[in-house]
Visitor: 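Following this message is one structure expressed as structure tokens.
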Amino acid sequence: MSRPVQARRLEGVDKNIWVEFVKLATTYSTVNLGQGFPDFPPPEFLKEAFSRAVSGEKHMLHQYTRAFGHPPLVKILAQLFGKLLGRDLDPMTNVMVTVGAYQALFCCFQAFIDEGDEVIIIEPFFDCYEPMVKMAGGTPVYIPLRPKAPKEGKLMSSADWQLDPAELASKFSEQTKAIVLNSPNNPLGKVFSRGELELIADLCVKHDALCISDEVYEWLVYDGKEHIRIASLPGMWDRTVIIGSAGKTFSVTGWKVGWTVGSNRLLQHLRTVHQNSVYHCATAAQDAVAQGFQRELEHYGKPDSYFVQLPRELQQKRDQLVQSLVAVGMKPIIPEGTYFLVADISEFKSEVPDVPNSNEPYDSRFAKWMVKNKGVAAIPLSAFYCEAHKDNYNSFIRFCFAKDATLKAADDILQKWKLEKTAP
């Protein structure tokens with residue numbers, strides 16, 4: 001008889017909320033605003049670049065390229081991020097291409113985190129941070145963004161969700177190896193201010209901690225907000241790994257092209273994990289992304305730049321969804337960035353009653369009710385919290401507004417829902 005297979009580091013991380021809610025959306029939903037991907041095409045110049053890569057005369061683009069990043073891509077990334085960070089970057093040592101930002105995160109945790117190490121995670125957090133820390137043998141330490149009441153008559157903003165400086169300082173210890181920063185933040189849409197980043201940076205320097213900076217939504221900021229890169233702050237370059245994503249940058253999530261930017265002191269260890277796991281990323285996709293960045297660098301800051309046009313279009317979609325959600329009685333939290341929007345559903349407890357002593361958070365049950373009865377899929381915010389804190393933030397759900405036809409269909413359903421609520 002075979003002995004049981006032990007997978008100690010996988011215990012408790014095998015469940016994934018996306019599996020359940022994607023299945024629900026497929027079964028019941030006419031409109032899926034749950035998953036975070038656009039339903040509109042990428043820019044024409046990028047599609048043309050990909051077409052040239054796979055159908056042109058450069059037949060070697062169908063073969064392996066450099067393991068740590070296709071040379072044209074790492075060169076243009078070094079050029080762009082050198083400009084943004086105000087330093088000279090070596091494309092061969094300061095940039096590494098990964099299979100999406102997801103693999104970049106995995107490389108960071110596998111490279112840097114060991115048994116006994118603590119990793120500070122800011123809540124709400126992109127759900128893979130917690131299991132990736134545990135799979136590496138580390139211990140997650142959680143610190144929540146705490147909402148502050150908005151001014152009378154105003155909708156809450158993601159900027160109203162803030163860290164308590166004393167509470168954050170108390171989370172750092174001799175065991176702290178790293179903090180994970182996600183700005184702009186998924187799911188909240190918060191763009192961390194310079195003051196907030198300086199607070200985090202000062203604590204990282206004081207405690208000699210690393211910063212894993214997930215900046216995949218760096219170009220998606222609204223209302224004149226500025227995305228500040230924590231690696232640009234004093235003392236942070238040598239302790240920060242920046243993570244980026246072509247999927248979010250160019251609306252091509254299925255291409256799975258991501259990257260890390262940082263000092264060779266850190267990236268040398270990521271290269272070791274990469275070469276002994278994934279080893280290589282799709283050559284043609286990397287070539288197309290390199291051409292896309294070349295075009296954007298030439299048009300940087302100009303009105304026809306995709307980095308200017310996309311956030312402008314998404315801000316309009318955000319505002320459209322805000323109006324529709326307010327009309328049915330939800331209280332949206334206006335995101336400063338990303339293509340996600342969190343809404344307060346506490347006004348619906350008369351329509352969808354809470355269940356005392358339930359093991360399932362209220363927002364999870366509401367999201368299931370909404371997809372089954374209204375045909376709109378969203379994700380409960382409690383999915384972005386650790387188990388101990390899920391019930392503290394269980395009156396919110398997350399929507400994705402990076403949609404065209406889907407958002408129009410959602411608006412039609414929400415308008416109908418509004419009429420139902422106001423009918424005598």
Side-chain angles (χ1 to χ4, degrees), residues 7-21 34 36 102 105-106 108-110 112-147 158 161-173 175-190 192 196 200 203 209-214 243 333 338 340 342 344-345 354 357-368 378-398:
R8 179 178 56 81
R9 287 186 176 177
L10 303 184
E11 291 175 3
V13 301
D14 55 325
K15 292 182 175 60
N16 187 306
I17 192 168
W18 303 106
V19 175
E20 180 181 12
F21 275 88
Y102 218 83
L105 287 163
F106 182 80
C108 286
F109 293 123
Q110 288 295 317
F112 302 135
I113 308 308
D114 207 343
E115 297 281 350
D117 288 341
E118 292 182 352
V119 179
I120 297 172
I121 298 177
I122 299 169
E123 295 179 306
F125 57 86
F126 182 47
D127 63 308
C128 78
Y129 300 160
E130 180 183 48
M132 284 190 182
V133 168
K134 291 180 177 179
M135 287 166 64
T139 301
V141 174
Y142 306 98
I143 170 85
L145 290 164
R146 299 190 181 277
S158 57
W161 292 59
Q162 299 173 8
L163 292 167
D164 178 280
E167 186 179 15
L168 177 62
S170 74
K171 300 296 181 179
F172 281 80
S173 70
Q175 285 72 46
T176 303
K177 186 65 173 288
I179 183 170
V180 185
L181 172 68
N182 179 207
S183 181
N185 168 274
N186 173 15
L188 199 56
K190 177 182 174 64
F192 283 71
E196 290 171 314
I200 294 168
L203 288 166
L210 303 177
C211 179
I212 299 170
S213 187
D214 182 350
I243 294 173
I333 298 165
T338 77
F340 299 110
V342 169
D344 185 339
I345 53 169
D354 203 350
N357 304 316
S358 172
N359 291 326
E360 183 177 23
Y362 176 74
D363 57 352
S364 177
R365 279 183 288 108
F366 180 88
K368 290 175 182 177
I379 301 296
L381 189 66
S382 60
F384 301 92
Y385 285 84
C386 69
E387 195 64 37
H389 296 165
K390 287 186 186 300
D391 278 335
N392 296 345
Y393 299 90
N394 68 358
S395 295
F396 304 91
I397 54 177
R398 190 200 76 172

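Fair warning: this is a prediction, and the values are worked out from it, not measured in the lab. Note that the numbering runs from 1 along the sequence shown for the chain.
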Visitor: Taking the side chain from Asp114 and the backbone from Gly116, do they hold a donor-acceptor pair closer than 3.5 Å?
Guide: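 No, the answer is negative, given that no donor and acceptor are paired below the 3.5 Å cut-off.
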Visitor: Hey, does Pro144 have a side-chain heavy atom less than 4.5 Å from the side chain of Asn392?
Guide: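 Side-chain contact under 4.5 Å: no.
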Visitor: Please tell me if the side chains of Ile345 and Phe396 come closer than 4.5 Å, counting only heavy atoms from C-beta onward.
Guide: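 No, side chains not in contact.
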Visitor: Hey, mind stepping through Tyr362 and Asp391 against side chain to side chain donor-acceptor pair (under 3.5 Å) and telling me if it holds?
Guide: CA-CA 8 Å; Tyr362 176 74; Asp391 278 335; over 6 Å; no
Visitor: Does NZ or CZ of Lys190 lie under 6.0 Å from the centre of the six-membered ring of Phe192, at an angle within 45° of the ring axis?
Guide: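 The answer is yes; both the distance and angle limits are met.
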Visitor: Return the minimal non-hydrogen interatomic distance between Pro187 and Phe125, and the atom names on each side.
Guide: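 So the minimum-distance heavy-atom pair works out to CD-N, 4.4 Å.
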Visitor: Between Asn185 and Thr338, is there a side-chain heavy-atom distance shorter than 4.5 Å?
Guide: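 Of all side-chain heavy-atom pairs linking Asn185 with Thr338, none is under 4.5 Å.
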Visitor: Does the side chain to side chain contact (heavy atoms under 4.5 Å, CB included) test come out yes or no for Val133 and Thr139, once each step is laid out?
Guide: CA-CA 7 Å; Val133 168; Thr139 301; 5.9 Å; no
Visitor: When you measure from the side chain of Arg398 to the backbone N and O of Gly34, does any donor-acceptor pair fall under 3.5 Å?
Guide: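 Such a contact is found between Arg398 side chain and Gly34 backbone.
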Visitor: So if I apply the side-chain hydrogen bond (donor to acceptor under 3.5 Å, both in side chains) rule between Tyr142 and each of His389, Glu387, Glu130, Lys171, which one comes out positive?
Guide: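 Option passing the side-chain hydrogen bond (donor to acceptor under 3.5 Å, both in side chains) with Tyr142: Glu130.
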Visitor: Taking Lys390 for the side chain and Tyr385 for the main chain, is one N or O donor matched with an acceptor at less than 3.5 Å?
Guide: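 Side chain of Lys390 to backbone of Tyr385: a pair is present.
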Visitor: Would you tell me whether Ser395 and Asp344 have side-chain atoms, one donor and one acceptor, within less than 3.5 Å of each other?
Guide: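 Asp344 and Ser395 do not have a side-chain donor-acceptor pair below 3.5 Å.
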Visitor: Looking only at side chains, do Tyr393 and Glu123 share a donor and an acceptor under 3.5 Å apart?
Guide: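 No pair is found: no donor N or O on one side chain lies under 3.5 Å from an acceptor on the other.
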Visitor: Check the pair Asp363 / Ser382 against side chain to side chain donor-acceptor pair (under 3.5 Å), numbers first and verdict last.
Guide: CA-CA 7 Å; Asp363 57 352; Ser382 60; 2.8 Å; yes
